[in-house]
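Notes for the one structure printed next.
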Amino acid sequence: MLKIFNTLTKKKEEFIPVEEGKAKIYVCGPTVYNFFHIGNARPFITYDIVRKYLEFLGYDVTYVMNLTDIDDKIINRAIEEKISTEEVAEKYTAEFFKDIDELRIKRADVYPKATDHIKEMIQMVETLIEKGFAYESKGDVYFNIPQNKEYGKLSGKILEELQASERTATGSGKKNDLDFTLWKSAKPNEPAWESPWGKGRPGWHLECSAMSTKYLGETFDIHGGGTDLVFPHHENEIAQSECTFGKQFVNYWMHNGMLNLNDEKMSKSLGNFFTTREVLGKFLGESVRMLMIQKHYRSPIAYSFERLEEAQSSVERITSTYKRGLEKLNGNLEGGDEVFAQRIEQFKEGMNDDFNTAKGMSIVFEAVKEVNILLSKLNLNETEKNILVGEIKFIEKTDKIFDVILKKEEEGGGKFGEVMKILIKLRKKLRAKKDWELSDYLRDELEKINILIQDTPNGTKWDIKK
RNA sequence: GGCGACGUACCCAAGUGGCUAAGGGACAGCUCUGCAAAAGCUUCAUGCGUCAGUUCGAAUCUGACCGUCGCCUCCA
């Protein structure tokens with residue numbers, strides 16, 4: 001039985017989808033105005049694993065992630081780069097996809113863009129005005145928070161206290177300081193769309209409400225994002241959606257912890273960040289995944305190169321074991337069903353507890369250890385072989401969720417591979433003559449260009465290291 | 001100030017009332033190896049921030065204290 005910690009109730013609850021056998025997930029995606037940083041990568045990886053685990057459990061998953069392609073940051077960026085907002089969005093959307101591919105994140109079913117859903121957003125605003133939850137003021141439309149009795153239920157905020165801490169309104173047309181913008185009137189030279197209130201653009205929170213409803217329904221299962229989005233972003237989404245449609249918006253709210261650098265949240269405004277692109281220049285996407293998997297998604301993670309190096313070692317360990325295991329079995333994975341089933345049970349016990357990936361991964365490493373022990377034996381009897389098959393199947397199966405085993409084919413094809421074959425043959429001859437000096441020289445020189453040579457009982461292997 | 005999360009070995013980290021406190025990484029010794037690498041074995045917390053308390057029994061529950069972080073403003 002899968003349990004999910006629900007921010008709305010602050011409890012772990014059994015997951016019961018709206019429609020049996022189906023899971024509908026919406027995750028807050030990037031604002032495509034720049035490269036995203038490694039802290040932003042956390043929710044992408046977290047919910048990628050949530051999604052893959054639900055698929056593993058047999059759910060038919062619909063996964064939607066928005067792309068915010070119009071807001072202040074994009075407008076500013078367009079001015080900086082002297083190109084249009086569309087060009088900014090297009091450019092950084094392409095970069096976004098490059099990075100998430102490197103991170104082995106499965107593509108969402110839909111990546112709706114805010115600018116493609118202006119009509120839906122305007123409709124919501126009209127409904128909110130009709131129902132008395134919103135009002136227009138000088139071309140802007142605001143959500144009237146005191147009209148929404150349930151406001152604050154997600155973040156646990158109390159209206160009066162929020163009002164007390166709110167700074168003085170800056171001469172806007174708001175009735176209450178806390179009211180947030182649904183529709184923003186256009187300033188000169190800004191991108192704008194026609195609306196019943198004049199030219200303007202949607203407020204930030206609105207797109208998520210409009211687009212999630214369009215693709216997943218008025219009530220859907222899981223909405224994910226970082227804890228820093230709980231208030232006000234998700235609180236406002238709930239307010240808009242529930243006031244518009246008059247029903248529960250989302251059943252399970254999931255929030256991932258922050259990635260910290262030097263004990264502070266990594267964020268663009270603080271300037272203490274590494275872009276994912278930079279990190280991927282030095283480390284494998286699989287290592288970034290490993291780093292995040294080895295900690296529960298709701299806890300903060302302290303980011304450092306040292307931690308990533310550790311994660312990379314873990315990735316190499318599991319990859320090497322898996323490959324050697326397959327080789328030992330000549331790729332023949334017949335049998336091993338009991339061992340496999342046992343491991344899957346242990347694994348599910350961990351993962352069903354609010355996606356405890358750290359626990360799940362520790363079971364995978366128990367299997368890795370078992371495989372290594374078997375591999376260090378010269379001959380395996382039938383029982384041992386059966387265990388080996390079961391463990392390898394288990395590692396392979398869970399890797400469909402974690403995706404940390406290196407799958408990149410060695411660039412062994414073509415002329416390069418042939419040259420490597422010749423070099424290895426040459427080294428074999430040198431070693432046969434016990435010419436250690438030259439054979440070591442060959443190995444050292446290759447290592448300098450990141451080609452690793454390993455002599456194993458089954459012959460010499462080579463690999464390209466990142 | 002209000003709300004919330006957390007503090008487990010050298011580092012990271014799971015465990016939330018009861019078997020020897022998972023797992024990963026680093027270090028050291030040994031085995032294997034021409035040497036490396038990889039792998040195996042061994043070693044690595046009588047103790048889980050501190051102090052009280054509840055209990056037959058607590059890392060796990062309660063209280064106080066100390067420390068760290070997040071949200072309350074754009075933010076993943």
Side-chain angles (χ1 to χ4, degrees), chain A residues 7 10 27-31 36-47 71-73 152 155-158 160-167 178 204 224-235 255-260 263-270 273 290-291 293-296 298-302 304 306-318 320-321 323-324 346 350 353 356-369 371-377 430-432 434-437 439-440 443-444 447 452-457 460-463 465:
Chain A
T7 311
K10 289 162 188 67
V27 177
C28 287
T31 300
F36 66 88
H37 67 68
I38 195 71
N40 297 312
R42 189 164 189 200
F44 302 154
I45 293 172
T46 297
Y47 301 109
D71 86 329
D72 289 344
K73 291 187 291 260
S155 57
K157 305 270 180 222
I158 297 154
E160 295 77 55
E161 283 171 5
L162 279 174
Q163 278 158 339
S165 73
E166 186 78 0
R167 356 179 236 220
L178 283 171
W204 171 46
T227 49
D228 55 353
L229 293 183
V230 172
F231 188 89
H233 184 52
H234 291 159
E235 194 71 71
H255 291 96
N256 60 275
M258 298 292 102
L259 198 75
N260 293 161
D263 287 334
E264 259 183 336
K265 182 175 103 169
M266 188 180 281
S267 79
K268 285 197 172 149
S269 45
L270 287 171
F273 64 90
M290 183 64 87
L291 176 71
I293 287 168
Q294 286 186 310
K295 184 132 186 178
H296 187 92
R298 281 191 287 122
S299 308
I301 293 181
S304 71
E306 291 73 31
R307 297 279 296 110
L308 264 177
E309 266 160 24
E310 287 179 18
Q312 191 128 310
S313 298
S314 302
V315 165
E316 279 160 10
R317 177 171 159 89
I318 187 172
S320 137
T321 297
K323 284 189 177 163
R324 288 187 302 123
Q346 294 175 299
D353 182 14
N356 191 339
T357 53
K359 179 78 184 172
M361 186 55 90
S362 80
I363 307 294
V364 174
F365 275 106
E366 279 179 20
V368 165
K369 176 135 192 165
V371 170
N372 280 330
I373 288 171
L374 292 170
L375 288 177
S376 67
K377 294 189 175 180
L430 290 170
R431 291 181 71 216
K434 296 191 192 277
D435 188 340
W436 310 129
E437 196 189 329
S439 56
D440 286 354
R443 185 174 61 196
D444 293 345
E447 193 174 347
L452 292 188
I453 298 295
Q454 287 182 19
D455 300 312
T456 76
T460 298
K461 300 236 158 70
W462 66 275
D463 217 337
K465 199 184 163 109

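Any value given below was found using the heavy atoms of this structure, including those in side chains, with hydrogens, waters and symmetry copies removed. In the text below, chain A, chain B and the rest are named by the order of the sequence lines, each starting its count at 1.
Across all strands shown, nothing is found opposite B:rU16 as a Watson-Crick or G-U wobble partner with both distances under 3.5 Å. Pair assignment for B:rC61: B:rG53, on the basis of Watson-Crick or G-U wobble contacts that are both within less than 3.5 Å. Partner assigned to B:rG47 is none, using Watson-Crick or G-U wobble distances below 3.5 angstrom. Taking a pair to require two hydrogen-bonding distances under 3.5 Å in either a Watson-Crick or a G-U wobble arrangement, B:rA9 remains unpaired. In a base pair of the Watson-Crick type (N1 to N3 plus N6-O4 or O6-N4) or a G-U wobble (N1-O2 and O6-N3), with each distance short of 3.5 Å, B:rC30 is matched with B:rG40. In this structure, B:rG70 and B:rC3 make a Watson-Crick or G-U wobble pair, each of the two defining distances being under 3.5 angstrom. With a cut-off of 3.5 Å on both pairing distances, B:rC35 has no Watson-Crick or G-U wobble partner at all.
Checking B:rA39, B:rA76, B:rG24 against every side-chain atom of A:Glu310, the shortest atom distance belongs to B:rG24. Of the listed nucleotides (B:rA76, B:rC41, B:rC74), B:rA76 has the atom at the smallest distance from the side chain of A:His37. The side chain of A:Phe231 approaches B:rC72 more closely than any other nucleotide in the set B:rC72, B:rA76, B:rC74. Counting only heavy atoms from C-beta on, A:Glu366 has its side chain closest to B:rA22 among B:rA22, B:rA14, B:rA38. Nearest nucleotide to the side chain of A:Asn372, out of B:rG25, B:rA76, B:rA39: B:rA39. Listed nucleotides: B:rG40, B:rA76, B:rC12. Nearest to the side chain of A:Asp228: B:rA76.
Distance alone, capped at 3.5 Å, is enough to place a donor-acceptor pair between the A:Lys10 side chain and the A:Thr7 backbone. For the pair A:Thr321 (side chain) and A:Ile318 (backbone), a donor-acceptor distance under 3.5 Å is absent.
Between A:Lys265 and the phosphate of B:rA5, there is no side-chain N or O to OP1/OP2 separation shorter than 4.0 Å. Dashed line: the shortest gap from a side-chain N or O of A:Asn356 to OP1 or OP2 of B:rG15 is under 4.0 Å. When the side-chain nitrogen and oxygen atoms of A:Arg317 are compared with OP1 and OP2 of B:rG24, one or more of them lie within a distance under 4.0 Å.
Counting non-hydrogen atoms under 4.0 angstrom, A:Lys73 reaches the backbone sugars and phosphates but no base. Within 4.0 Å (heavy atoms only), A:Asn40 reaches at least one base atom of the nucleic acid.
Straight-line distance between the P atoms of B:rA52 and B:rA37: roughly 49 Å, to the nearest whole Å. Straight-line distance between the P atoms of B:rC10 and B:rA64: roughly 30 Å, to the nearest whole Å. For the C1' atoms, the distance linking B:rA14 with B:rA21 amounts to 10 Å, nearest Å. Taking atom P in both B:rA22 and B:rU43, one finds a spacing of 13 Å when rounded to whole Å. Only the C1' atoms considered, B:rC27 is 13 Å distant from B:rA9, to the nearest whole Å. Comparing the P positions of B:rC51 and B:rC66 gives a spacing of 15 Å, expressed to the nearest Å.
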Can you give one letter per nucleotide of nucleotides 27-37 of chain B, 5' to 3': B if a protein heavy atom sits under 4.0 Å from the base, S if only from the sugar-phosphate, - if neither? -------BBBB

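A:Arg298 and A:Arg42 make their closest contact through N-NH2, 4.4 Å (heavy atoms, listed as atom of the first residue, atom of the second, distance). When all heavy atoms are compared, the tightest approach of A:Lys265 to A:Leu270 is O-CD1, 3.5 Å.
Looking at A:Glu310 and A:Arg307, a side-chain N of the basic residue comes within less than 4.0 Å of a carboxylate O on the acidic one, giving a salt bridge.
Below the 3.5 angstrom threshold, one finds no donor paired with an acceptor across the side chain of A:Gln294 and the base of B:rG24.
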